[in-house]
Amino acid sequence: KKVILSGVQPSGKLTLGNYIGAINNWVSLQEEYDCYYFIADLHAITVPQEAKNLRKNSIEAIAQYIASGLDPDKNTIFMQSHVSAHAELAWVLNSITYMGELNRMTQFKDKSKKNEANLNSALFTYPTLMAADILLYQADFVPVGEDQKQHLELARNLAQRFNKRYSETFKVPKPYIAKVGARVMSLQEPTKKMSKSDENENAYIGMVEEPDSILRKVKRAVTDSVGIVKYSDEQPGIKNLIDIYSKLSGKTTEEIEVMYEGKGYGEFKNDVAEVIIESLRPVREKYNDLLNNKDYLEKIYAQGADKAERAARKTLRKVYKKVGFIPRK
Ligand code: TYM
C-alpha cells in the first residue's frame, strides 16, 4: 500500500479551511492507503502558546479528526511529540538545509512580520521539521492545502539531496492538492487565506462551530457592490463563498451561478450558510460525544504513537547509520 501522511497544527481551533483543504480529503483516502495523520504540536510552539490551551487544542483536534470520519482502525492517528524521531530526524535534515532555502519560505516571511518581537529560530527551521515528518514514514503523497506547497517542495529537495549525498534512503513525496477548496479565504478579507490564528473571529468558521454563529458569520462575510453571484477574481468574497458551496455540495461553480441568476446576495448567503451548517452538523455531534470520552481518545493516540514509532524508528536507524553515528547495540 502507498503511504499518506499529513497533519494539522493545534495552534487554535480547527477551521472550515482545514476541513475543506485537508481533513475532508483525508477521509476519502483512508480505504486505499496506509495513512498517518498526526497533531503537529511540535510545530505549534514556533509561535507562543499557553500550555493549557495547547493541551486542550491538541485533544480537541484528535476528536475532530475522528468526528470528521477518520476511522482509528484504518488510520494511524497520533501526537507528533509522542514520536521523538520527528525531532531527531529534523536535526539531521537541518544539517543539509540551506539558510537561503528557509529564507525564501513565504510562510516564514509572513509569520515573522507578525511576530517581530518574538522571532525564534524554530519558526525559521519549521519547514525542516515538516520535511522530517513526511520523510520518516516514506510517504508517497501528502494531502494539504495550497499554502503548504512550498514546504512540500523543500521536503522533496531535502529527500533528493540526502539520497544523493549518502545513498537512496527516502521516498520523494508528492503533494496531493485538490482542485477545488485548496485555498479557503478569510470571510473578512477575502484576498487572505482563512486562518485559525486570525485575531478577528468573524474571519473564520470553526469546524465544530454552532449553527447560529455560522449563519451570523456568513451573513457578515465581506462581499462587493456588484450584486451578481458570479465566479470571478473581481469578486473575491463571492468567489470564495461559491468555492465553499461547491466543495461542500458537489455542485459545480457554473451550476451555482445559474441557480442564483437574478437573485440577491442575501438569499445566496443564507444558502451557503445552510450548506456549511448541514455539512458540519454530523461532525459537531460526533465531536461532542467524543469529548465526553477522553479515555477512548487517549487509547487511540497511544496506539497510534506505538505504530508510528515503529515505522519512524526504522527510517531513523538507517539515517543515523548513513551519516556515520555509531550504533548503540
Ligand atoms: P495548518 O495547521 O496551517 O493547516 C492544516 C491543513 O489545512 C490546510 N489549510 C487550508 N486549506 C485550504 N484553505 C485554507 N484556508 C487552509 N488553511 C489551512 C493546510 O494546507 C494544511 O493541509 N505545516 C502544516 C502542518 C504540518 C504538516 C506536516 C502537514 C506539519 N507537518 C507534514 C503535512 C505534512 C500546517 O501548518 O498546517
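Numbering of residues begins at 1 and proceeds along the displayed sequence. Order of appearance sets the numbers: ligands from 1, and atoms from 1 within every ligand.
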Visitor: What are the atoms of ligand 1, with element, lying closer than 4.0 Å to any heavy atom of Phe38?
Guide: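 Counting atoms of ligand 1 from 1, those under 4.0 Å from Phe38 are 28 (C), 31 (N), 32 (C).
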Visitor: If we set the cut-off at 4.0 Å for heavy atoms, which region of Met194 has an atom near ligand 1: side chain, backbone, both, or neither?
Guide: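 It is both backbone and side chain that touch ligand 1.
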Visitor: Below 4.0 Å from any atom of ligand 1, is there a heavy atom belonging to Ala139?
Guide: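 No, Ala139 has no heavy atoms under 4.0 Å from ligand 1.
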Visitor: Give me the one residue out of Asn240, Asp147, Asp198 that meets side chain to side chain donor-acceptor pair (under 3.5 Å) with Lys193.
Guide: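 Of the listed residues Asn240, Asp147, Asp198, the side chain to side chain donor-acceptor pair (under 3.5 Å) partner of Lys193 is Asp147.
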Visitor: For Ile134, counting its heavy atoms only, list the atoms of ligand 1 lying under 4.0 Å from any of them.
Guide: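 By the 4.0 Å cutoff, the relevant atoms are 32 (C), 34 (C).
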Visitor: Out of all atoms in ligand 1, which are within 4.0 Å of some heavy atom of Gly21? Include the element for each.
Guide: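 Matching atoms, with element in brackets: 11 (N), 12 (C).
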Visitor: Contact between ligand 1 and Asp133 is defined here as a heavy atom of the residue under 4.0 Å from a ligand atom; is it met?
Guide: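 Contact present.
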Visitor: Is ligand 1 less than 4.0 angstrom away from at least one heavy atom of Gln80?
Guide: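 Not so, Gln80 does not reach ligand 1.
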Visitor: Taking Trp26 as the fixed residue, which of Tyr176, Phe141, Tyr65, Tyr36 is the one that meets the ring-ring contact (aromatic ring centres under 6.0 Å, His included) rule?
Guide: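 Only one of Tyr176, Phe141, Tyr65, Tyr36 forms a ring-ring contact (aromatic ring centres under 6.0 Å, His included) with Trp26, namely Tyr65.
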Visitor: Show me which atoms of ligand 1 lie under 4.0 Å from any heavy atom of Leu5.
Guide: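 Listed by number with element: 32 (C), 34 (C).
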Visitor: List every atom of ligand 1 that sits less than 4.0 Å from any heavy atom of Lys196, numbering the atoms from 1 in the order shown and giving each element.
Guide: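 Close to Lys196: 1 (P), 2 (O), 3 (O).
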Visitor: Would you say Glu146's side chain and Ala182's backbone share a donor-acceptor pair under 3.5 angstrom?
Guide: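 It does not hold such a pair.
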Visitor: Starting from atom 19 (C) of ligand 1, what is the nearest protein heavy atom, named by residue and atom, and what distance separates them?
Guide: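 Nearest protein contact, heavy atoms only, for atom 19 (C) of ligand 1 is Asp147 OD1, 3.4 Å.
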Visitor: Return yes when atom CD of Gln49 has more than 12 non-hydrogen atoms of other residues, nucleotides or ligands closer than 6.0 Å, and no otherwise.
Guide: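 Yes.
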Visitor: Who pairs with Ser6 by side-chain hydrogen bond (donor to acceptor under 3.5 Å, both in side chains), at least two apart in sequence or on another chain?
Guide: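 Here no residue qualifies.
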Visitor: Between Tyr36 and ligand 1, which part of the residue brings a heavy atom under 4.0 Å of the ligand: side chain, backbone, both or neither?
Guide: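 No part of Tyr36 comes within reach of ligand 1.
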Visitor: Just jot down the ligand 1 atoms closer than 4.0 angstrom to any heavy atom of Gly181, in number order.
Guide: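 Atoms satisfying the 4.0 Å criterion: 12 (C).
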Visitor: Name the closest protein heavy atom to atom 11 (N) of ligand 1, giving the residue it belongs to and the distance to 0.1 Å.
Guide: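 Here the nearest protein heavy atom works out to Gly17 O, 3.2 Å.
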Visitor: Mind running salt bridge (charged side-chain N to carboxylate O under 4.0 Å, His left out) on Glu101 and Arg161 for me, showing each step along the way?
Guide: CA-CA 13 Å; Glu101 258 170 338; Arg161 191 173 304 154; 2.5 Å; yes
Visitor: Mind running salt bridge (charged side-chain N to carboxylate O under 4.0 Å, His left out) on Arg313 and Glu88 for me, showing each step along the way?
Guide: CA-CA 10 Å; Arg313 279 285 142 202; Glu88 294 170 277; 2.7 Å; yes
Visitor: Pick one of side chain, backbone, both or neither for how Val142 approaches ligand 1, counting any non-hydrogen atom pair under 4.0 Å.
Guide: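 Looking at Val142 and ligand 1, just side chain atoms fall under 4.0 Å.
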Visitor: At a 4.0 Å threshold, what atoms of ligand 1 neighbour a non-hydrogen atom of Ala182?
Guide: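 Going through ligand 1 atom by atom, the ones under 4.0 Å from Ala182 are 11 (N), 12 (C), 13 (N).
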Visitor: Between Lys217 and Tyr204, is NZ or CZ placed under 6.0 angstrom from the six-membered ring centre and within 45° of the ring axis?
Guide: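 Output yes; distance and angle both within limits.
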Visitor: With sequence neighbours excluded, tell me which residues meet ring-ring contact (aromatic ring centres under 6.0 Å, His included) with His151.
Guide: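 For His151, the residues satisfying ring-ring contact (aromatic ring centres under 6.0 Å, His included) (neighbours in sequence not counted) are Tyr126.
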